[in-house]
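Here is the structure we will look at, set down as structure tokens.
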2 protein chains.
Amino acid sequence: MSDKPASSSQRALHELREKIFAGELAAGSDHLESELAEQLNMSRTPVREAVLMLESQGLLEMRPRKGVRIRPLAPEDMAEIYDILTELESLAAERAAQADLDEDELKDLAKAIDDMDIAIAQSDLDAWANADDRFHAELVRLGRNERIMSIVHMMSDQVRRARMTTLFMRPLPTKSNEDHRRVYQAIKDGDAKTARETHRDHRREAKKIIVDLLQKHRLRFL
Amino acid sequence: MSDKPASSSQRALHELREKIFAGELAAGSDHLESELAEQLNMSRTPVREAVLMLESQGLLEMRPRKGVRIRPLAPEDMAEIYDILTELESLAAERAAQADLDEDELKDLAKAIDDMDIAIAQSDLDAWANADDRFHAELVRLGRNERIMSIVHMMSDQVRRARMTTLFMRPLPTKSNEDHRRVYQAIKDGDAKTARETHRDHRREAKKIIVDLLQKHRLRFL
DNA sequence: GTATCATTTAATGCATACGCAAATGAATGC
DNA sequence: GCATTCATTTGCGTATGCATTAAATGATAC
């Protein structure tokens, strides 16, 4: 249970991520390395290292002399990201279906789906979002491509803030879980084509919903 | 023509990349930060920064106390990467076809195809590889998704060494350019489906060829 | 009042130093 | 011999300080 010591740069990495997701470091805001270092109670060195890593993960930009800018997301960025997620997750679904997985290997996926039902029944959006994340992460894991896992993870991070914001702006995603179940069933049945196409359509829908929502609410950056 | 001053960490980034591609830093080899710093004639600080970036780009791993390891590529890694390239480039081809591009916007793509023909006529494999790179990069650019561009770039970097090695182990890719032309034509005609599927098949073929080659030659790591 | 240039300010990029922890090797006991 | 413990070395993580240079400020001329 006890946290490992963890190096300062690891801590910086995690804490900065958290602050970005929580909006504590607001989208579009600038921060000097020294400010961040002070906030985190460490020297600039580990902060710089963390910032470098976060930059290659697309969460912020280093702009010499202007500070570290937390990258805001425009609707076009959301579209880009959802397009990528659509392609890569669909491939993962296809591969998972081809892998002839037994029930035990699928249990985390099943659990995530059940948890979403429960969350919806209780109108618990946070729990729903959490289970949805797990569903997608597990799906990708079953696709057995490490690089796809890491790219999807990276893209998910980039949209995390925006998804959290929009989550409360739209009706309960009651229909969504039907798709999940269909994907699950196709994987279990070894029906690669259906798994792929069902998931692809599911993601396209998700893209449309969120992009439309941003446009409707004139959310140019978040 | 004169090189810009360029910061030490940028220089470290570029020079380390070059050394990795050139095999001067061999796949699987380990290197202390201090060695690299000495080689590059700078202190450990910018080297560490470059190494951190290269690590997130998947070219090497930092293993505390064991040195920086240049990541070797197993056939399974090649398969992973080609799967990703297949999906993302195909999407790019589809999007390019939908973009109703005029001849001028397609001229770099056309040039790359022509250059490949020339290179093949002269049996100049280096020139061919160069033009092939340009074709794929340009195709992705026309797909207008910045993130896909950067992911594809990253994946291409990861396979660069291995592709160079195998390039001289197989017959001239004479047929390959027919595919390129078909993709080009489909994009020009605005035929998104054909563009996508043609390119997808092209990439699947490429994957098969290279993975088979590695297996045949028992190249477990490179 | 505005534009240009000199001066100051301050954030960054990098070198350097140091403590710690892991790895290595030596010494000791069995 | 072999294992175990302790001493030594060495590489890394981080703090710190300084030089550089871009930006901000102020001064001067028009």
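Residue numbering restarts at 1 for every chain, and letters A, B, ... go by the order of the sequence lines.
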Report all interatomic pairs (protein N or O, nucleotide N or O of nucleotides 7-11 of chain C) with separations under 3.5 Å.
residue	atom	partner	partner atom	Å
C:dA11	N3	A:Arg65	NH1	3.0
C:dA11	N3	A:Arg65	NH2	3.0

Taking side-chain contact (heavy atoms from CB on, under 4.5 Å) as the test, write out the residues that go with A:Arg161, two or more places apart.
-> A:Ile20, A:Ala27, A:Ile70

Can you list every ring-ring contact (aromatic ring centres under 6.0 Å, His included) pair that touches residues 134-162 of chain A, not counting sequence neighbours?
-> A:Phe135-A:His180, A:His136-A:His180, A:His136-A:His199, A:His136-A:His202

Can you tell me the distance, in whole Å, between the CG atom of A:Leu36 and the P atom of D:dA15?
-> 14 Å

Mind checking side-chain contact (heavy atoms from CB on, under 4.5 Å) for A:Asp77 and listing every partner two or more places apart, or none if nothing turns up?
-> A:Leu73, A:Ala74, B:Arg147

Which residues share a side-chain contact (heavy atoms from CB on, under 4.5 Å) with B:Pro173, sequence neighbours left out = B:Leu125, B:Trp128, B:Arg170, B:Ser176

Nearest-angstrom distance from the residue atom CZ of B:Arg63 to C1' of C:dA23 = 14 Å

Length of the line joining B:Leu40:CG and C:dC14:P, which is rounded to integer Å = 12 Å

Taking DNA chain C as the partner, which of residues 41-50 of chain A come within under 4.0 angstrom of it by heavy atom?
-> A:Arg44, A:Arg48

Figure out the CG/P separation between B:Asp30 and D:dT10, and round it to whole Å.
-> 18 Å

Which residue pairs pass the salt bridge (Lys or Arg N to Asp or Glu O under 4.0 Å) test with at least one member in residues 210-222 of chain A, sequence neighbours excluded?
-> A:Glu76-A:Arg220, A:Lys208-A:Asp212

Using 4.0 Å as the upper bound for N to carboxylate O, is an ion pair formed by A:Glu105 and A:Arg144?
-> yes

For A:Ala131, check side-chain contact (heavy atoms from CB on, under 4.5 Å) against everything at least two apart and list the hits.
-> A:Asp115, A:Met116, A:Arg134

Take the protein atom CG of B:Leu13 and the nucleotide atom C1' of C:dC14, then report the distance between them rounded to whole Å.
-> 16 Å

Is A:Ser8 near enough to D:dT14 that one of its side-chain N or O atoms lies under 4.0 angstrom from OP1 or OP2?
-> yes

Any pair with a residue in residues 13-42 of chain B that passes ring-ring contact (aromatic ring centres under 6.0 Å, His included), sequence neighbours left out, goes on the list, sorted by first then second residue, please.
-> none

